[in-house]
Amino acid sequence: MPELPEVEVIRRGLEQTAIGRRIARVEVADDRVVSGPPEVLKSRLVGQSVQALSRRGKVLIIELEQDCLLVHLGMTGQLTFWDRKREDDAGFVRHPSTGLQRARQHAIDKHTHLWIRFEDGNGLHYRDIRKFGRIRLVSREERMCSPMLQSLGLEPFTEGYRLEPFERLLAGRKRSIKALLLDQHLVAGLGNIYSDEALFVAGIDPRRVASSLTRPERLRLFEAIPAVLARGIDLGGTSLRDFVNARGEAGGNQEELFVYGRTGQPCRRCQASIERIVLAQRSTHYCPVCQKAGIDGL
DNA sequence: AGTAATCCCTGGCAGC
DNA sequence: TGCTGCCAGGGATTAC
């Protein structure tokens, strides 16, 4: 489940490899991943070169000369650079015990729904097992009005990420704080993993009604969010199953998680058993001691 | 308007 | 061993 850190790790990888390359050919194997007719997408992309790689929340933005490709990886999306010199290293295998993919280049297979060939023979491969991801083509001018970007909330690591608007977005909200963190209108880029991690670092029970958070709790959460995201980026992203970076390599943050996926294991801070509940139709992990329920908790 | 439930999609895995 | 059924979840859509 690529969240902000995983998308950022991919962005940095592609920044090193894809910039300056000109598109010679585009193939779409499954129309459902693109918006609009694939033929229009293909004809517009061919001839344009990659200018820059940016990101908004979980959306990767491939900036071309006239247009932008907005890539949302959904649950299992992978965007990898195809290096023609590594062709002998094609294919990929799973590690026998962890199930994680090794650093092997992703050749085109039945889950590769779109791929780009550059004039130099290198390329980009978009692969997505569950097909929740989407790719959209927009012109450079109208990219910020695109439905994929326009309604996103505060962007961590930017000047716009400030406490006052964060608190305003929590005010009066009756939903659980966990559900609100998953909502991209509040903070862009948080998913199930980093929401649980941020609530642990802030010491807040995920079931708390958002508007009931005290001022110190709001501040702790506001600071915990970029902290857990930065840690995820530094460790190369979280690879629980499908995430790989632009080179096809797994990340390292899955070894360092505080609560996510650690049901029944000892809390790294107090040794209490990590619990799992379902909140907003999502599995939610927390430490019952470090994240004491408030008076409104269930 | 805010909130909650439903659906999409496939691989992995437990259970028989 | 092969089959069945469940689980994972981001976000669009629908319902209330």
Side-chain angles (χ1 to χ4, degrees), chain A residues 1-8 10 29-36 55-60 70-79 92-101 106 109-114 126-136 146-153 168-199 206-212 229 232 237-244 250 254 257 259-264 274 276-285 296 298:
Chain A
M1 49 210 91
E3 304 177 30
L4 186 153
E6 289 72 40
V7 179
E8 178 62 20
I10 293 170
D30 191 329
D31 294 2
R32 282 173 291 183
V33 307
V34 301
S35 53
R55 180 189 55 74
R56 175 81 168 96
K58 303 176 190 173
V59 180
L60 181 78
L70 307 182
V71 183
H72 195 297
L73 297 168
M75 273 289 297
T76 54
Q78 302 170 326
L79 188 64
F92 54 93
V93 292
R94 286 189 185 279
H95 188 276
S97 60
T98 64
L100 296 178
Q101 290 160 341
H106 284 195
D109 67 1
K110 66 170 180 171
H111 298 299
T112 312
H113 310 308
L114 182 149
Y126 174 74
R127 185 173 182 270
D128 185 6
I129 293 173
R130 280 179 228 177
K131 298 183 191 174
F132 282 5
R134 291 292 176 265
I135 295 182
R136 182 181 289 267
S146 160
M148 227 156 126
L149 298 179
Q150 66 173 358
S151 60
L152 293 178
R168 221 177 300 131
L169 287 160
L170 293 181
R173 304 302 294 270
K174 301 272 189 286
R175 303 163 80 184
S176 68
I177 186 61
K178 167 67 186 276
L180 211 51
L181 289 183
L182 290 173
D183 188 335
Q184 301 300 297
H185 298 102
L186 179 76
V187 176
L190 286 174
N192 212 28
I193 298 173
Y194 293 97
S195 295
D196 281 3
E197 295 294 296
L199 286 167
R207 296 165 291 189
R208 291 280 300 283
V209 169
S211 60
S212 78
L229 294 175
T238 303
S239 295
L240 289 172
R241 189 163 297 277
D242 300 293
F243 170 69
V244 291
Q254 62 280 359
L257 295 173
V259 288
Y260 187 86
R262 299 192 64 244
T263 311
I274 300 300
R276 177 188 176 275
I277 54 173
V278 174
L279 217 48
Q281 288 80 242
R282 297 290 178 263
S283 63
T284 299
H285 313 75
D296 64 322
L298 296 175

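Proteins get letters first, then strands, A, B, ... in listed order; numbering begins at 1 in each.
Rounded to an integer number of Å, the gap from CZ of A:R56 to P of C:dG10 is 18 Å. A:L4 has its CG atom 15 Å from the C1' atom of C:dG10, to the nearest Å. In this structure, CE of A:M75 is placed 16 Å from C1' of C:dA12, rounded to the nearest angstrom. Computed from coordinates, the A:Q150 CD to C:dG11 P distance equals 15 Å when rounded to whole Å. In this structure, CG of A:L73 is placed 14 Å from C1' of C:dG9, rounded to the nearest angstrom. With rounding to whole Å, A:R241 atom CZ is found 11 Å from C:dG9 atom P. Rounded to an integer number of Å, the gap from A:L182 CG to C:dG10 P is 6 Å. Distance A:L240 CG to B:dG12 C1': 14 Å, rounded to the nearest Å.
At the heavy-atom level, A:R173 lies under 4.0 Å from the strands shown only through sugar-phosphate atoms.
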Exercise for the section: Sugar-phosphate means primed atoms, P, OP1 and OP2; the rest is base. With that split, encode nucleotides 4-10 of chain B 5' to 3' as B, S or - using protein heavy atoms under 4.0 Å. Expected result: SBB-BBB

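A:S283 has no side-chain polar atom (N or O) that falls below the 4.0 Å cut-off from OP1 or OP2 of C:dC7. Side-chain N/O atoms of A:R136 include none lying less than 4.0 angstrom from OP1 or OP2 on C:dA12.
Each of A:V209, A:D183, A:L279 was scored for a side chain to side chain contact (heavy atoms under 4.5 Å, CB included) with A:R175, with one residue passing: A:D183. Considering A:D196, A:V259, A:L182 as possible partners of A:T284, the one that fulfils the side chain to side chain contact (heavy atoms under 4.5 Å, CB included) test is A:D196.
For the segment residues 184-197 of chain A, the set of residues with a heavy atom within less than 4.0 Å of an atom of DNA chain C comprises A:Q184, A:N192, in numerical order.
Between the side chain of A:R241 and the backbone N or O of A:F243 there is no donor-acceptor pair closer than 3.5 Å. Between the side chain of A:Q78 and the main chain of A:V244, no donor-acceptor pair closer than 3.5 Å is present. Checking side-chain atoms of A:T76 against main-chain N and O of A:R130 turns up a donor-acceptor pair under 3.5 Å. Within the 3.5 Å criterion, the main-chain N or O of A:R173 finds a donor-acceptor partner in the side chain of A:S211.
Taking CG of A:D128 as the start and CG of A:D242 as the end, the distance is 8.5 Å to the nearest 0.5 Å.
A heavy-atom distance below 4.5 Å is found between the side chains of A:K178 and A:N192. Side chains of A:R262 and A:H285 form no contact here, defined as non-hydrogen atoms less than 4.5 Å apart.
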